[in-house]
*Asks:* 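Before I ask anything, let me first share the structure, which is written out below as structure tokens.
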Amino acid sequence: MSHDSHHAPVASKLDLAPERSDLGLLRPDRKTGWADWLTTVDHKKIGIMYGAFAMLFFLVGGVEALAIRTQLARPDNDFVTARMYNQLFTMHGTTMIFLGVMPLSAAFFNFLVPLQIGARDVAFPRLNAFSLWTFVAGAFVLNSSWLFEFGHLAGWFNNFAWHKSLVYTDFAPANGWFSYAPLSGTVGQADAALHSPRFTGVGTDFWIIGIQILGIASLAASFNFICTIINMRAKGMTMMRLPVFTWMTLVTSVLIILAFPAITVALIELMFDRQFGANFFNPSAGGQPILWQHLFWIFGHPEVYILVLPAMGIVSEILPTFSGKALFGYPIIVFSGAVIGFLGFAVWSHHMFTTGLGAVPTAAFALLTMAIAVPTGVKIFNWLGTIWGGKIRFTPPMVLALGFIWMFMCGGFSGVMHSAAPADAQQQDSYFVIAHFHYVLLGGVLLGLMAGLYFWFPKIFGRMPNAGVAYLASGLVILGFNLAFGPMHYLGLAGQPRRTHTYHAGNGWETWNFVATIGAFILGIGVFLAFANLVWTAFKGKKCGSDPWGGRTLEWSLSSPVAEYNFAQSPVIAARDAYFEDKHGGRRIAYENDGGEAGVHMPSQSWMPLVAGFGFLMIGLGMPMLSMGVPHMGWLVIAGLTVMFIGIWLWALEGPGGYMLKTPAVGATPSQPAHQSATTH
Amino acid sequence: MSQVSEPAHAPTSTGIEHKKLIMWLFLASDCMFFGTLISTHLLYRKLYPTGFTDAEGHQRFIQNLFNIELTSFSTFILLMSSFLMALAVSAMHKGQIKSFRRNVLGVIFFGLIFLGCQVFEFTHFFHQGLTIQNSVFGSTFYVLTGTHGTHVAIGILWLILLYFYSFTGKLGGHVGALDVEVAGLYWHFVDIVWIIIFTAVYLVEYLGPSGFWGTGLPLTK
């Protein structure tokens, strides 16, 4: 790399000379404002955008949930139609899982992993931006189905020939989040246009292509994070010195790259059934709908751990910080996380006990499901061991983390109940299952993620959230959540089926459904308040120092907000929790004499990830419209593929680029002691 | 510890370059991808051992459909393309750009022969009455082998772009050799997957006393 004017070290990227990439295009390195955010390759900014989109979609999914609960507040209600109800619960589940929890976890991966391992960025900064924009494209595709649905309800499409030829008009997905075949698939023989008769409207096509695009985003991000964690650790940061959150990111990413291909293939097969008249799941041509269930849950069960392991990692960082103790049993927590990931691939059929697998497989999957409770229990005991005898400081993140343990355990207990196949046969498709997985995913994962948001927001924005509002919001969330989902255990065992748009009076379900609805609204207010407090914090919160909580891991050694180069000098680590020990006189961090006037290498910004992501958006909108019969939409798909290809091609041709950024001189920042004598164990 | 940070050449924690590591990770994921597709095919093949019914309503047996000589030929060609790919990677490591170009052109040529055979095979099977719509076998066969063909096509496109890029003079040194090696990893993987597909989709049809896993089906139409 030549050291011309662009590459001479500069104090700010605004001082850079304009530079053309290998391709001859001007690099967007000096952009500010919105163009900076669109072209950024900074993992911290990408993390913030992931978080902002995730919180937005949490609210969208929450509104869908409240519509569901309003409909079920009293018997024989007609707040929404049955058809709308199907679309609401499908989009609620899909939104919360793929557009809420997963991107919020990705926000933490992005922001924290490089900081925790002592790196200046991820292994592939532009690929990271590509993951973000592809995720946004997939999220937009899924939710654009609502725009079509509202257009349809408003009668905007009535004069179009393609609209008149539609048999089913659910424009938003309506099959449930696992889109079981044959409901999501086809039946009978394909016509001349290769279309087989279907059971559902084009919402399913939005779902198929939307999830496919989101899967590409998740896969690209996971490749990147595994590579980053394995390959970019600071000197001395051995695997067994990694913060537990980073460990859980690694396990989650491995789960994603091994589990997502199953759903990718299942979606391809379903797409071929619907678009080209294939017979993978078409029962009248010999297709086996049960295959969809197997393929879906081979992905779907690891997905549960993909959702929960990051929250477990977050809690494993928060509890030691506010207990004033090192994490109890670090190696066994890491090991049990890996065991959960491994066993997560061996329990999928417990979602299918009622399909008649046969005695031996049912017994085997029941036993394995019980077995997976063991490493989970090990983690809970280790967390309890961490706070046992500690000097506990109650802060909003600590309260939420303790709530996580408590609520997640309740979800775990009902999960073990499901592992007994005969009991599961009674609980299948009842509200008991709804209660179970909301205790795991909301009481567990959402509380864990909220704890993480309140814990790291001071690091991300350098401002403290309002503690009073945070306690109030936490209290409302935990109270509302238990009011909403506690009664569902009873409702389920009393026979109320899930996914049914209404129920008649006289079954004894009225009272608790009403209570659940009240709880849901309290929960909704709590989550909204918690998020509003965070947004307020980002702009107006009280400024705070770099280490307001007395943190243990490397990110707390940096200024808040973190400088764009992360580490002015690369750290050399000599212990687990090196920063904490270092603060208390242990001398566990040294700094390499890199950076300073010579500068550190920063990757160049790029438009290409955004261009490639836009190609996915065109494909994602084109496929369902092709399925609707809108004319010329095949060309939109081809154009989208072309844009995606051109984006990736130019991305390769422009080269990684990069420039040198000056950092403060050695010892200039008080939070970074400049001693060079790291003691090693 | 006093050198200026230069991440392009900075040693990684494991000593494995990022690009090579991420390609191995992608291939691990792709293993699960093809594993799922091949499982789908084999499950349905075992479930419906009697082949498929063509447009005229005739029961057709897979052995009569397959042209195992042609597929064996194209398999051999793909294997040889892997050999040339190894030579291209080796040439790049030695900095022999002309040798690289020669070998990579060979890989592209052999890859195109393989794709040509697949196009011929698909057309032939279609005229024999096997479509994606008329049977589960048609669906699984075309989607599985078609997905593999797509992988081959992407590999060919990648190599063509590398071939032309080599004339800009920017493909060279350690980074250039790494880029070619990563493309080589992909190419070898796609080749290995074909060996498995050739075995699991084509050769098994000839196993057993007379047909698929010894199911006792007659060899004639």
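In what follows, chains carry the letters A, B, and so on, assigned in the order in which the sequence lines appear, proteins first and then strands, with residues in each chain numbered from 1.
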*Asks:* Go through the steps for K19(B) and F124(A) under the test side-chain contact (heavy atoms from CB on, under 4.5 Å), then give the verdict.
*Replies:* CA-CA 9 Å; K19(B) 278 183 185 172; F124(A) 295 93; 4.0 Å; yes
*Asks:* What part of A123(A) lies closer than 4.5 angstrom to a heavy atom of chain B: side chain, backbone, both or neither?
*Replies:*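 Backbone plus side chain of A123(A), per the 4.5 Å heavy-atom cut-off to chain B.
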*Asks:* Which is it for N231(A) and S13(B) under the side chain to side chain donor-acceptor pair (under 3.5 Å) test, yes or no, and what are the steps along the way?
*Replies:* CA-CA 5 Å; N231(A) 245 357; S13(B) 306; 5.3 Å; no
*Asks:* Do the non-hydrogen side-chain atoms of M232(A) and T12(B) ever get within less than 4.5 Å of each other?
*Replies:*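 Sidechains of T12(B) and M232(A): no contact.
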*Asks:* Please classify the contact of Q288(A) with chain B as side chain, backbone, both or neither, using a heavy-atom distance under 4.5 Å.
*Replies:*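 Both parts, heavy atoms under 4.5 Å.
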*Asks:* Relative to chain B, which segment of L127(A) carries a heavy atom at a distance below 4.5 Å: side chain, backbone, both, or neither?
*Replies:*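 The answer is the side chain of L127(A).
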*Asks:* Check whether more than 12 heavy atoms from other residues, nucleotides or ligands sit under 6.0 Å from atom CZ of F109(B), and answer yes or no.
*Replies:*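 Atom CZ in F109(B) is not packed in, count stays at 12 or less.
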*Asks:* What part of Y142(B) gets within 4.5 angstrom of chain A, counting heavy atoms only: side chain, backbone, both, or neither?
*Replies:*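 Interface part for Y142(B): neither.
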*Asks:* If you apply the rule side-chain contact (heavy atoms from CB on, under 4.5 Å), what do you find for V265(A) with F34(B), and how did you get there?
*Replies:* CA-CA 8 Å; V265(A) 168; F34(B) 276 109; over 6 Å; no
*Asks:* Examine whether an atom of L291(A) lies under 4.5 Å from a heavy atom of chain B, and if so say whether it belongs to the side chain, the backbone or both; otherwise answer neither.
*Replies:*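 For L291(A), the side chain is the part near chain B, not the backbone.
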*Asks:* Relative to chain A, which of D179(B), T140(B), T168(B) shows the most heavy atom pairs under 4.5 Å?
*Replies:*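 Sorted descending by pairs with chain A, the first entry is T140(B).
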*Asks:* Mark yes or no for whether Y44(B), through its side chain, and G287(A), through its backbone, hold a donor-acceptor pair below 3.5 Å.
*Replies:*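 Such a contact is absent between Y44(B) side chain and G287(A) backbone.
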*Asks:* List for me each residue that meets side chain to side chain donor-acceptor pair (under 3.5 Å) alongside E121(B), sequence neighbours excluded, and say none if there are none.
*Replies:*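 Partners of E121(B) under the side chain to side chain donor-acceptor pair (under 3.5 Å) test: T71(B), Y202(B).
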*Asks:* Taking non-hydrogen atoms and a cut-off under 4.5 angstrom, which of residues 221-230 of chain A neighbour chain B?
*Replies:*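 If one takes a 4.5 Å heavy-atom cut-off, the residues of residues 221-230 of chain A near chain B are F223(A), N224(A), I226(A), C227(A), I230(A).
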*Asks:* Under 6.0 Å from the CZ atom of F164(B), do we count more than 12 heavy atoms belonging to anything else shown?
*Replies:*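 No, the 6.0 Å shell around CZ holds no more than 12 heavy atoms from other groups.
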*Asks:* Against chain A, label F26(B) side chain, backbone, both or neither, depending on which of its atoms sit under 4.5 Å from a heavy atom there.
*Replies:*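 Looking at F26(B), backbone and side chain both touch chain A.
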*Asks:* With side-chain contact (heavy atoms from CB on, under 4.5 Å) as the criterion, how do S29(B) and L258(A) come out once you've worked through the C-alpha distance, each side chain's angles and the decisive distance to 0.1 Å?
*Replies:* CA-CA 5 Å; S29(B) 190; L258(A) 297 180; 5.7 Å; no
*Asks:* Do you know which of F260(A), F280(A), F272(A) has the most heavy-atom pairs under 4.5 Å to chain B?
*Replies:*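 That would be F280(A).
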*Asks:* Do T36(B) and T264(A) have side chains that approach each other closer than 4.5 Å (heavy atoms only, starting at C-beta)?
*Replies:*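 Counting from C-beta outward, T36(B) and T264(A) never come under 4.5 Å.
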*Asks:* Any side-chain heavy atom of T14(B) within less than 4.5 Å of one from R233(A)?
*Replies:*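 Heavy-atom side-chain distance check passes, below 4.5 Å.
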*Asks:* What part of I268(A) is in contact with chain B, defined as an atom under 4.5 angstrom from a non-hydrogen atom: side chain, backbone, both or neither?
*Replies:*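 Only the side chain of I268(A) comes within 4.5 Å of chain B.
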*Asks:* Can you tell me how far SG of C31(B) sits from CD1 of I257(A), rounded to the nearest 0.5 angstrom?
*Replies:*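 Between I257(A) CD1 and C31(B) SG, I get 10.0 Å after rounding to 0.5 Å.
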*Asks:* Suppose a student defines contact as a heavy atom less than 4.5 Å from any heavy atom of chain A. Which residues in residues 145-163 of chain B would they list?
*Replies:*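 So far as heavy atoms go, L157(B), L161(B) are the residues that approach chain A to under 4.5 Å.
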*Asks:* Give, as side chain, backbone, both or neither, the part of K170(B) having an atom under 4.5 angstrom from any heavy atom of chain A.
*Replies:*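 Just the side chain, heavy atoms under 4.5 Å.
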*Asks:* Would you please go through residues 124-138 of chain B and name the residues with a non-hydrogen atom below 4.5 Å from one of chain A, in numerical order?
*Replies:*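 When heavy atoms of chain A are the reference, residues 124-138 of chain B contributes I132(B), Q133(B), N134(B), S135(B), V136(B) within the under-4.5 Å range.
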